[in-house]
Structures are given as structure tokens and as C-alpha cells.
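Shown next, in C-alpha cells, is the structure this report addresses.
Numbers here are sequence positions counted from 1.
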Amino acid sequence: MTSSQERVVAVILVGGPTKGTRFRPLSLNVPKPLFPLAGQPMIHHPISVCKRIPNLAQIYLIGFYEEREFALYVSSISNELRIPVRYLKEDKPHGSAGGLYNFRDYVMEDNPSHIFLLNCDVCCSFPLPEMLEAHKRYGGMGTVLVIKVSAESANQFGELVADPITNEVLHYTEKPETFVSDLINCGVYVFTQDIFTAIQDAIMRRNDRANWHRETSLEALQSATKALLPADFVRLDQDILSPLSGKKMLYTYETIDFWEQIKTPGMSLKCSALYLSQFRHTSPHLLAGGGDTRCATIVGDVYIHPSAKVHLTAKIGPNVSISANARIGAGVRLISCLILDDVEIKENAVVINSIVGWKSSIGRWARVQGDGDYNAKLGITILGEAVAVEDEVVVVNSIVLPNKTLNISVQEEIIL
């Protein structure tokens with residue numbers, strides 16, 4: 001097969017409702033992968049980069065949300081990119097590798113030479129074409145996108161030891177208790193078709209272990225736990241990457257750009273800022289301009305949906321995303337915030353380090369803000385859907401669930 005005939009498919013793992021609990025209350029309204037970052041659904045960012053992969057035949061989304069929740073988006077993005085995008089619903093969790101294996105017949109329809117596997121809740125520049133070229137040079141079964149992080153934070157992720165000359169993965173361990181390496185797994189991969197053989201081998205190894213007669217008490221406990229999982233439940237990290245390390249099958253491609261995991265609402269605000277910053281180089285037309293005297297004052301990277309109405313005396317930015325049909329009144333100040341669909345922010349209100357949910361309203365001279373600690377539980381303020389903050393009320397470092405009215409000021413509270 002010549003390079004001009006090679007086909008590539010991309011698979012994006014989107015999880016399901018039970019996987020987005022840390023993203024509440026925002027995931028109460030919309031599946032986490034469809035939550036907007038920098039004016040685009042979270043999943044749109046990796047999908048749009050897939051368009052750059054040479055000879056891309058198809059994009060598959062695998063998860064256990066109901067198909068109807070993705071139908072409209074899948075149809076829209078397929079037409080926009082002119083590449084088939086298809087959602088495949090798992091009947092039950094199969095694990096990160098098991099989900100891919102479960103739909104192998106679909107994935108192999110186009111007989112692809114290479115298969116990209118991405119996690120939806122990853123925020124990065126997704127250097128997929130460059131990664132594919134490196135993968136072809138290595139000649140292995142798979143290539144893992146990696147990044148260097150501080151030794152203090154490395155144990156929150158999968159750590160890899162790689163050969164500094166060949167980039168071969170020599171050792172892989174998932175969230176070790178002691179420091180192993182400052183090189184971590186970014187959750188983005190490219191494989192040859194041999195990945196399916198590797199997953200099948202992992203399933204067979206699990207079945208063989210289940211048949212062992214002599215077990216220690218610890219092994220018996222592990223077997224009892226595994227018995228609760230489907231027979232084809234295969235984790236990519238522990239069941240595939242770890243056993244294949246040091247066998248000249250896996251290699252690394254290091255990114256020096258940004259990388260984050262979007263596990264919480266706070267991290268969605270940080271990642272929105274990263275994508276807005278990237279738009280300067282990739283999609284400058286999506287950013288609001290600050291030079292038009294007929295518009296609001298724009299500071300730094302700002303996205304404003306075309307249907308939003310922003311008063312010309314408002315001051316917006318940096319790191320602000322304003323969604324469809326939002327109404328921003330006179331003298332409003334917005335800094336580092338996500339303003340979702342149909343929100344109204346009245347005259348002279350201030351919103352800083354916050355996410356304002358769909359159809360919410362913020363009264364005149366009100367103030368909604370957070371400290372800006374993206375990792376803290378109450379580091380930003382989150383207003384769920386249809387929350388009303390009345391005039392002159394101050395809300396600081398709080399989470400407010402949907403359909404609440406605040407007529408007194410609150411600080412560091414969760415309003416149920």
C-alpha cells in the first residue's frame with residue numbers, strides 16, 4: 001500500500017453521564033463533551049484538528065450517552081467539515097481500550113493503516129499530523145503524546161520512561177505512589193491495526209488469570225473485583241501500555257505546547273483561556289476585535305457570539321467567552337468568565353473568574369466573582385441554569401444550583 005492510498009480514522013472517547021459527575025452542575029444541562037469552551041463545544045476542538053490529518057476517512061465518537069444527545073451536533077459537524085462523523089453508543093462500559101475493540105468492525109470499515117485515539121476531556125494543541133509522521137518513522141505499533149510536567153504533579157497521571165535517543169517507551173506506570181518520571185501520558189495516541197491484536201491478547205491474559213487455581217489472598221480479592229467487570233473490559237494504560245513497554249512497540253511524541261485535563265468546571269475556564277489564546281494563531285477571525293470604536297472595549301482574547309448584544313460602554317476581557325443571545329448591559333465589566341446562552345447581565349455588574357449558566361441573570365451593580373484557583377472546589381463561582389442574582393448582590397467563590405434566586409450576598413457557599 002502506498003502512502004497516497006493509506007486511510008486514517010480517528011476515534012474520540014467521550015465517556016458518559018456517570019463520568020461527568022465532577023463537572024456538575026454544568027453537566028446537568030448538557031453532556032460534558034458539548035459544554036462550550038472558547039465558544040465551541042469541548043469536543044469540537046479535537047474534532048476540528050482531526051481535519052488536518054492526511055487521508056482522514058472517518059471520525060468516530062464512542063461513549064454511553066444516548067444517541068439523541070449527540071445527533072444534532074454530529075450532523076452539523078459532519079456537514080461543516082465534510083468528513084463523516086459517527087456516534088457509537090456503548091451498551092456498557094468496556095474501558096478505554098475495550099470500547100475501541102468493541103467497535104472494531106466499524107473502525108476497520110475503511111481498512112485504515114492508522115487509528116488515532118483521543119480522550120475528549122483533553123485540552124491541547126493536538127499536533128496530530130506531526131505525531132503521525134513521527135509514528136511512521138518509529139515503525140512501532142503505537143505512539144503516545146507526552147509532555148514534561150513538574151515532579152510534584154507527575155503522580156496524578158500516567159508516567160513514562162522513554163529512551164532519550166529512540167523515544168521508545170521503556171516503562172509505563174499509571175499514577176504511581178512514588179516518582180518515576182516527569183514525562184506523562186497526554187491521552188492522545190496513534191496506532192496501527194495491530195492494536196486490536198494487542199487488546200485481544202489482553203483479554204486472553206485476563207481470562208487465563210481467572211483460571212489460575214493457586215492465588216494469594218490479594219490476587220483473590222483482585223479477581224473478585226475484576227469479576228464485576230465485563231470480560232472485555234480493557235484499560236489502555238494498565239492492560240496495554242504497561243505490558244508492551246520495553247518491547248519496541250510503543251514510542252513517544254513530546255509536545256511543548258499547552259496541555260490540561262478538563263475534569264472540573266474550574267479547569268474548563270482555564271482551558272477556554274488556552275483555546276482563546278490559540279485562536280490568535282489558528283482562527284483569528286473568531287476573536288472579537290478591539291479596534292472598532294462602535295463596539296465595547298475589548299482587552300486580550302475574547303469570543304463573542306454573533307447573536308450576542310454587548311453595550312458599547314462595556315469592557316470585556318481578557319479570557320471571556322460570550323455565547324448565543326447573551327445580553328451585556330452598559331458599564332458591565334467581564335474578566336475571565338464564560339457567559340452561556342441567553343444570559344442577561346445588567347448595567348454596571350461585574351463578573352470575574354466565573355461561569356454564568358444558561359438563562360441566568362445578574363442584576364444592576366451586582367458582583368459575581370471567584371479567586372481564580374482553577375483546582376479548588378470553590379476557586380471559581382458557578383451559576384447553574386436560570387439563576388437570578390438580584391441588584392447589588394455579591395456572590396464570591398460559590399456554586400449555585402439551577403433555578404435559584406439570590407437576594408442576599410453569599411461567600412464560599414454551595415447553594416442547593
Side-chain angles (χ1 to χ4, degrees), residues 11-13 15 93-101 114-122 124 126-128 130-132 134-206 208-209 218-219 222 225-226 229 232-257 259-261 263:
V11 176
I12 303 177
L13 304 176
H94 291 276
S96 48
L100 178 66
Y101 187 77
H114 296 92
I115 301 155
F116 274 94
L117 184 64
L118 298 80
N119 284 285
C120 173
D121 61 356
V122 164
C124 68
F126 296 103
L128 306 184
E130 299 83 356
M131 194 174 167
L132 180 59
H135 173 72
K136 290 177 179 178
R137 289 196 306 272
Y138 297 149
M141 183 198 75
T143 297
V144 184
L145 186 69
V146 299
I147 192 170
K148 283 187 177 177
V149 297
S150 67
E152 294 76 26
S153 63
N155 67 351
Q156 301 173 40
F157 310 99
E159 298 180 21
L160 305 94
V161 177
D163 186 300
I165 306 299
T166 66
N167 294 324
E168 182 196 350
V169 178
L170 302 176
H171 179 69
Y172 181 89
T173 181
E174 184 69 15
K175 298 179 181 177
E177 293 183 4
T178 57
F179 176 75
V180 173
S181 169
D182 60 357
L183 208 60
I184 66 163
N185 177 4
C186 290
V188 178
Y189 316 87
V190 59
F191 296 107
T192 63
Q193 294 183 10
D194 292 336
I195 182 62
F196 293 112
T197 304
I199 298 172
Q200 188 174 26
D201 289 345
I203 293 172
M204 293 176 65
R205 284 197 303 271
R206 171 166 294 168
D208 289 343
R209 281 198 299 269
L218 174 60
E219 288 171 332
Q222 290 172 335
T225 303
K226 289 171 183 173
L229 300 173
D232 56 352
F233 189 94
V234 184
R235 302 157 300 180
L236 188 64
D237 34 30
Q238 293 102 317
D239 299 325
I240 303 297
L241 301 185
S242 291
L244 296 184
S245 297
K247 297 182 179 178
K248 301 192 183 302
M249 298 180 74
L250 299 174
Y251 293 82
T252 64
Y253 182 83
E254 184 176 348
T255 178
I256 55 174
D257 279 339
W259 179 87
E260 295 288 349
Q261 271 189 310
K263 295 296 186 185

Partner set under side-chain hydrogen bond (donor to acceptor under 3.5 Å, both in side chains) for Glu159, not counting sequence neighbours: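 For Glu159, no residue satisfies side-chain hydrogen bond (donor to acceptor under 3.5 Å, both in side chains) once neighbours in sequence are set aside.
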Quick check: do [X] and [Y] have side-chain heavy atoms less than 4.5 Å from each other?
{"X": "Leu241", "Y": "Val169", "value": "no"}
{"X": "His94", "Y": "Val234", "value": "no"}
{"X": "Val146", "Y": "Ile184", "value": "no"}
{"X": "Ile147", "Y": "Val149", "value": "yes"}
{"X": "Leu118", "Y": "Leu128", "value": "yes"}

What's the separation between atom [atom1] in [X] and atom [atom2] in [Y], rounded to the nearest 0.5 Å?
{"X": "Leu250", "Y": "Leu170", "atom1": "CG", "atom2": "CG", "value": "10.5 Å"}
{"X": "Asp201", "Y": "Leu244", "atom1": "CG", "atom2": "CG", "value": "8.5 Å"}
{"X": "Ser96", "Y": "Gln238", "atom1": "OG", "atom2": "CD", "value": "8.0 Å"}
{"X": "Leu236", "Y": "Glu174", "atom1": "CG", "atom2": "CD", "value": "9.5 Å"}
{"X": "Asn155", "Y": "Thr173", "atom1": "CG", "atom2": "OG1", "value": "10.5 Å"}

For [Y], does its backbone N or O pair with a side-chain atom of [X] as donor and acceptor, under 3.5 Å?
{"X": "Asn119", "Y": "Val122", "result": "no"}
{"X": "Ser181", "Y": "Leu160", "result": "yes"}
{"X": "Ser242", "Y": "Asp239", "result": "no"}

Residue pair [X] / [Y]: nearest heavy atoms and the distance that separates them:
{"X": "Cys124", "Y": "Leu145", "answer": "SG-CD2, 4.2 Å"}
{"X": "Gly140", "Y": "His135", "answer": "O-CE1, 3.5 Å"}
{"X": "Ala162", "Y": "Leu183", "answer": "CB-CD2, 4.0 Å"}

For Lys148, salt bridge (Lys or Arg N to Asp or Glu O under 4.0 Å) partners two or more places apart: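 For Lys148 there are no salt bridge (Lys or Arg N to Asp or Glu O under 4.0 Å) partners, ignoring immediate neighbours.
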Listed once per pair and sorted, the ring pair (Phe, Tyr, Trp, His ring centres under 6.0 Å) pairs that draw on residues 142-185, sequence neighbours left out: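 Listed once each, the pairs are Phe157-Trp259.
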Partner residues of Tyr189 under the ring pair (Phe, Tyr, Trp, His ring centres under 6.0 Å) criterion, sequence neighbours left out: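 Only Phe191 meet the ring pair (Phe, Tyr, Trp, His ring centres under 6.0 Å) criterion with Tyr189.
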Ring pair (Phe, Tyr, Trp, His ring centres under 6.0 Å) against Tyr101, all qualifying residues, sequence neighbours excluded: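 Partners of Tyr101 under the ring pair (Phe, Tyr, Trp, His ring centres under 6.0 Å) test: none.
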Name of the residue among His114, Gln200, Met249, Met141 meeting side chain to side chain contact (heavy atoms under 4.5 Å, CB included) with Ile195: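 When side chain to side chain contact (heavy atoms under 4.5 Å, CB included) is applied between Ile195 and each of His114, Gln200, Met249, Met141, only Met141 qualifies.
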Residue that, paired with Phe116, satisfies side chain to side chain contact (heavy atoms under 4.5 Å, CB included) out of Val11, Ile12, Val190: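 Per the side chain to side chain contact (heavy atoms under 4.5 Å, CB included) rule, the option paired with Phe116 is Val190, out of Val11, Ile12, Val190.
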Option among Thr143, Thr166, Asn167 that satisfies the side-chain hydrogen bond (donor to acceptor under 3.5 Å, both in side chains) test with Tyr138: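 With Tyr138 as partner, side-chain hydrogen bond (donor to acceptor under 3.5 Å, both in side chains) holds for just one option, Asn167.
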Pairs involving residues 248-257, ordered by first then second residue, that meet side chain to side chain donor-acceptor pair (under 3.5 Å) (sequence neighbours left out):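 Side chain to side chain donor-acceptor pair (under 3.5 Å) check on residues 248-257 returns Ser125-Asp257.
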